[in-house]
Structure formats: C-alpha cells, structure tokens
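I have placed the structure first, in the form of structure tokens, so that the comments after it can refer back to it.
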Amino acid sequence: SLGLAPARPPLSARTAAAAHRALLETAAPPSVLVDETNRVLHLSETAGRYLQPSGGPLTSDVTDLVRQEMRVELRSALHRAFERGEATLTAAIPVKFNGAAHPVHLQIRPQIDSRHEKEIKRALIFFIEGTADRLGGAIVGAEERSSENVNQLRLELELAQARLRTVREESEGANEELRAANEELQSINEEYRSTAEELETSKEELQSINEEFQTVNSELKLKLEAVSHANSDLQNLMAAMDFGTLFLDTNLKIKRFTARLTDLFSVTPGDEGRPITDFTNQLDYDGLLADVQAVLADLVPIEREIRTRKGGWYLLRIRPYRTLKDKIDGVVATFVDITERRQLEDALRNSEERLRQEMRLVELSRAPIFVWELDAGIVLQWNPGSEELYGYSSEEALGKNRDAILRSTVPGSSLAAVKEVLLREGKWKGEIRQIARDGRKVVVESHLELIQTGGRRVVLESVRDISSAKIE
C-alpha cells in the first residue's frame, strides 16, 4: 500500500488528478488509445513490449504495429468495437517474447464522445499478460483449452464468422447503393424524355423562325435592287484601286475626284463641272487629253508610266466609266505613285550590274575569291585562285554549301556571329580556319562583303593564305 507523509500539505485538485493518472499508468495494464481508423493516438509507457512493426514505411495503424500473433484477433475486436459498440476480451493468445511463449489477452473498450458536433469514436486496447485477475473481477480469464489445435481452430472459426458478418454487411450496403443508383437512373431517364420534348418544341420554333428569315430575305432583295443604282459610282471607284482618281464625263468635264488628285492638279472641290483643260498640272506629260479621247472613242483602257516635273513617277490608268446598264458615261483616270518602285528598280539594275562586274573580276583574278549565298550558304562563283588554294575544282564547289566543304571555324567567335556583323554592317574582316580537299589545314585572312540584289543576299569573299605565319 502507498503511504503519504503526514507533514506534507494537501495537494491541489489539478496536482491530485495528475498524480492519480500517474498511478493508474503504473497500476493498469499496458494500453493503446486509437481512433475509429485504427490510428494510434496515445501509448502507455509499458505498451512498447507488445509492438513490433513490420518492415517497410512506418504506419500509425495499430493492427500493423502490434506483434504478428495478435494482429488477426485485434483487427476483429476493433471491428466489433467501432461497428457495434461492443467491448471485447479475447482468449489467451500465445505471444513469443525472447523465444518463450506468454499468454496475452486483448481487451478492447469502445469510447464515444458526443460533446462535439460530429460524434467522435475511440477505443482503448489493454494488453493483459498471463491471467486477467488484475482487473479485479471486471475481466474473466479465458478457459483453459484442451489442446493447442482446438484453441487455434476456435480462433479461426471466430475470425471466419467475423469476416462473414463483415461481408454480409458490405453486401447489404452495396445492395442499398445499387437501389439508389437505379432510382437515379430512372430520374435521369425522365429528364432525358423531358429534354427530348423540349428539343421537339425548339425544332418547331426554329422552323417558324426560318420562315420569318425567308420573308425578311425577300424584302432585302427588293431593297438591294433599289440600292444598286447608287452603287455604280462605288464600283467604278473600287475598280480604280488608288487614291488619285479623276472622274470625267464625255465632254472632259470634272464629275468628282479624290483628295490625292490635288497633288497633281490645281483643283478644288468647287471646280466640279469645269473642263479639266482649264487647270494646270505637275505632269511632264502632254498626251493626257489625247489618251482620254482615244479611250472614249475605242473603249480600250490605256496605261502609262509618266513622270512629274519634280522627278516623281506615276502609273496612269484611263478606262471607260460604265453604268450598270453598260452605258459609257465618261472616263475614270487613276494616278498611282510608283516613285519608290522605280527607284528600287533602278537600284536593282545598278546592283545587278555591279554584281556582274564583280563576278567578272572574280573569274579574272588569280587571288582566291568566291561568291556564296548568305542564307543557304550555296557557292555561286569559284575562281581559279580558290581552286588552287583549296583543291576543289569549280564543278566540285558550285552548288555546294560553303561551310560543308571548307569546314570553316572562326577563332574566338562563330560563323553565326560573323553573319550578324555582315547583316548589320555589310562587311567583315578577320581570321578563318578551314580544311582543304586533301585534309590540309588552311588559315586565311578573309574579307567578306554583303551584296543585296533583288530578293537575294550574296557574299563576296576574298581570302589571303596566312598559314605559314601561324603556329599550329
């Protein structure tokens, strides 16, 4: 028995409760508190003797933590505790500790906490080693078994019955779910029938709307015919396809014109109805009136490129003005500014001429010079000096990729960087290392110049062999 020193002051309620729990911990059998998922919530200090987790990842499920001999009985007892609220005391289970078997009883007591919104279920598992007399009459010891085989068969039978009850309960639950699913399917079928009826109604409404559309379409056709006469001027204006447009009647009087025409003729909006011959223009061209009269007489359009006194260029198109009834009611003259195009054409001709001259110089030069396409890298020109330096004949080099046959590298840089400089500055000079046809390494000082001709970008490359001055 425990004795208390009479000289000590009385304990507070909280301290007494803590002392009470500590004494219960030492006096009560080892125990484990678990929730309804069999997850361990708390262990008593001496419960570790009955735990032996299996290999693999650590789990908190008590049925996987206890020793192997107790797992089946514990799983069945926990099922009864949580599903039925029944307390369970198992028969003695032989459990080996250090090679010797000890009888162990499992007592499971369910606990339900209804103080929260959701009911909380827990269970307390006691490990009672030897007889169950320690519980003071609350626990009845298991009857001695006649033999170990009979005891094992009895345990297996109880386990099978528990599993059978579980399967029966699961089957009943599945039947309930199937009945609920069948009711849902019937409800969905009703919804489908209702949707089909709605679709049929919508189809009738669409047919009615289609008839209304046909009526509206007929009305629009009538209105289109009324608007077509006003559209004659618009169609001829669209046919001109330019801003500088002049409409003249058969007497060469101005009917209307666009704003850009004032760049060439000294006309104002108030001049409509006056002959075009009354106004000066900026064209270095005296045949306008003759061409207009020829179009009115022959009904054949005329197109000319004419120059202005300021050096600009325009494309003049003169065509008959036809009404929707195919009546000739004057002419339409359009003036398209092609100054930039003419400048580009002149520049292109000059570039092509320069390229031809440089190609000729390449052919005549004894220094290694060749021409290649910047984008595709295809060799376009290969002179005798290149044949002598690299060993490739003109027939072998033309049409081939420059980098593929010469295997060029740029010390301290790259071919891509060289092309970027060419595109930005038009020229590049530097050292390039290459390999000749016979495998000989060649170091050259290369001069690259970008030439743009039309839509093509070609590179004129002249090289000087400096291999002898380099130490490999």
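Just the heavy atoms: all of them, side chains too, but no hydrogens, waters or symmetry mates, feed the values below. These figures come from a predicted structure and were not determined experimentally.
- Thr90 places a side-chain N or O within 3.5 Å of a backbone atom of Leu106 that can act as its donor or acceptor partner.
- Remark: Glu303 engages Arg317 in a salt bridge, criterion side-chain N to carboxylate O under 4.0 Å.
- Residues Val444 and Asp465 approach most closely at CG1-CA, 4.2 Å, considering heavy atoms.
- In this structure, the side chains of Tyr390 and Ile405 stay at 4.5 Å or more apart for every pair of heavy atoms.
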What's the verdict on side-chain contact (heavy atoms from CB on, under 4.5 Å) for Gln452 and Leu450, showing C-alpha distance, side-chain angles and the deciding distance? CA-CA 7 Å; Gln452 301 202 20; Leu450 179 63; 4.1 Å; yes
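- Between Arg440 and Asp438 there is a salt bridge, since a side-chain N of the basic residue sits under 4.0 Å from a carboxylate O of the acidic one.
- Using a distance-only test at 3.5 Å, with no hydrogens or angles considered, no donor-acceptor pair links the side chain of Ser76 to the main chain of Val72.
- One side chain, Gln434 or Ser408, offers a donor N or O that lies under 3.5 Å from an acceptor on the other.
- When atom types are taken as modelled, the side chain of Glu387 and the backbone of Ser394 share a donor-acceptor pair closer than 3.5 angstrom.
- Using modelled atom types, no side-chain atom of Thr334 and backbone atom of Thr245 make a donor-acceptor pair closer than 3.5 Å.
- Val295 is not listed as a side-chain neighbour of Pro301, based on a closest heavy-atom distance of 4.5 Å or more.
- A 4.5 Å side-chain heavy-atom check between Arg457 and Leu423 finds at least one atom pair inside the cut-off.
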Can you list the steps and then say if Arg80 with Ile108 is a side-chain contact (heavy atoms from CB on, under 4.5 Å)? CA-CA 9 Å; Arg80 289 194 296 272; Ile108 290 83; over 6 Å; no
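- The 12-atom threshold is not exceeded at CG of Asp286, counting heavy atoms of other residues, nucleotides or ligands nearer than 6.0 Å.
- In this structure, CG in Leu51 is found 11.5 Å from CG in Asp64, a value given to the nearest 0.5 Å.
- Listed for the Asp284 side chain is no donor-acceptor partner under 3.5 Å among the backbone atoms of Ile306.
- When atom types are taken as modelled, the side chain of Arg309 and the backbone of Asn281 share a donor-acceptor pair closer than 3.5 angstrom.
- When all heavy atoms of Val66 and Arg71 are compared, the closest pair comes out as O-NE, 2.9 Å.
- A 4.5 Å side-chain heavy-atom check between Leu78 and Ile125 finds at least one atom pair inside the cut-off.
- Around atom NZ of Lys253, no more than 12 heavy atoms belonging to other residues, nucleotides or ligands sit under 6.0 Å away.
- Of all heavy-atom pairs between Val331 and Ile318, the closest is CB-CG2, 4.3 Å.
- No donor-acceptor distance shorter than 3.5 angstrom exists from the side chain of Ser208 to the backbone of Glu204, with no hydrogens or angles considered.
- In summary, Arg256 and Glu272 do not engage in a salt bridge, as defined by a charged side-chain N under 4.0 Å from a carboxylate O.
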What's the verdict on side-chain contact (heavy atoms from CB on, under 4.5 Å) for Gln186 and Asn182, showing C-alpha distance, side-chain angles and the deciding distance? CA-CA 6 Å; Gln186 290 177 353; Asn182 186 37; 3.7 Å; yes
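- The six-membered or imidazole ring of Phe370 lies away from that of Tyr392, with a centre-to-centre distance of 6.0 Å or more.
- Judged by distance alone, the side chains of Arg109 and Ser31 never bring a donor and an acceptor atom under 3.5 Å apart.
- Judged purely by atom type and a 3.5 angstrom limit, Thr262 uses its side chain to pair as donor or acceptor with the backbone of Ala259.
- Closest heavy-atom contact between Asp403 and Lys419: OD2-NZ, 4.4 Å.
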Evaluate Phe257 against Phe265 for side-chain contact (heavy atoms from CB on, under 4.5 Å), listing each step before the verdict. CA-CA 10 Å; Phe257 57 87; Phe265 290 84; over 6 Å; no
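- With rounding to the nearest 0.5 angstrom, the OG atom of Ser413 is 12.0 Å from the CD atom of Glu431.
- For the pair Trp428 and Val459, the minimum side-chain heavy-atom distance is 4.5 Å or more.
- Across every non-hydrogen atom of Leu89 and Gln107, the tightest pair is CD1-CB, 3.9 Å.
- Rounded to the nearest 0.5 angstrom, Arg433 CZ and Lys441 NZ are separated by 8.5 Å.
- Taken from CG in Leu296 to CG in Asp249, the straight-line distance is 9.0 Å, to the nearest 0.5 Å.
- Judged by distance alone, with hydrogens and angles left aside, the side-chain atoms of Ser386 form no donor-acceptor pair with the main-chain N or O of Pro368 at under 3.5 Å.
- Using a 4.5 Å heavy-atom threshold, the side chains of Arg179 and Asn175 count as touching.
- Looking at heavy atoms from C-beta onward, Leu261 lies out of side-chain contact with Phe247 at the 4.5 angstrom threshold.
- Between the side chain of Ser194 and the backbone N or O of Glu190 there is no donor-acceptor pair closer than 3.5 Å.
- Aromatic ring orientation, Tyr314 versus Phe335: perpendicular (interplanar angle above 60°, classes split at 30° and 60°).
- The side-chain heavy atoms of Pro275 and Leu252, taken from C-beta on, include no pair separated by under 4.5 Å.
- Between the side chains of Glu461 and Trp372, a donor-acceptor pair is found at a separation under 3.5 Å.
- Ion pairing between a basic and an acidic side chain is recognised when a charged N comes within 4.0 Å of a carboxylate O; Glu83 and Arg165 show no such pairing.
- Nearest heavy-atom pair, Thr339 versus Gly312, reported as atom, atom and distance to 0.1 Å: OG1-CA, 3.5 Å.
- Within the model, atoms CG of Asp35 and OG of Ser60 stand 8.0 Å from one another, a figure rounded to the nearest 0.5 Å.
- Around the CD atom of Glu340, the shell of radius 6.0 Å holds no more than 12 heavy atoms that belong to other residues, nucleotides or ligands.
- The distance from the CG atom of Asn383 to the CD atom of Gln381 is 8.0 Å, given to the nearest 0.5 Å.
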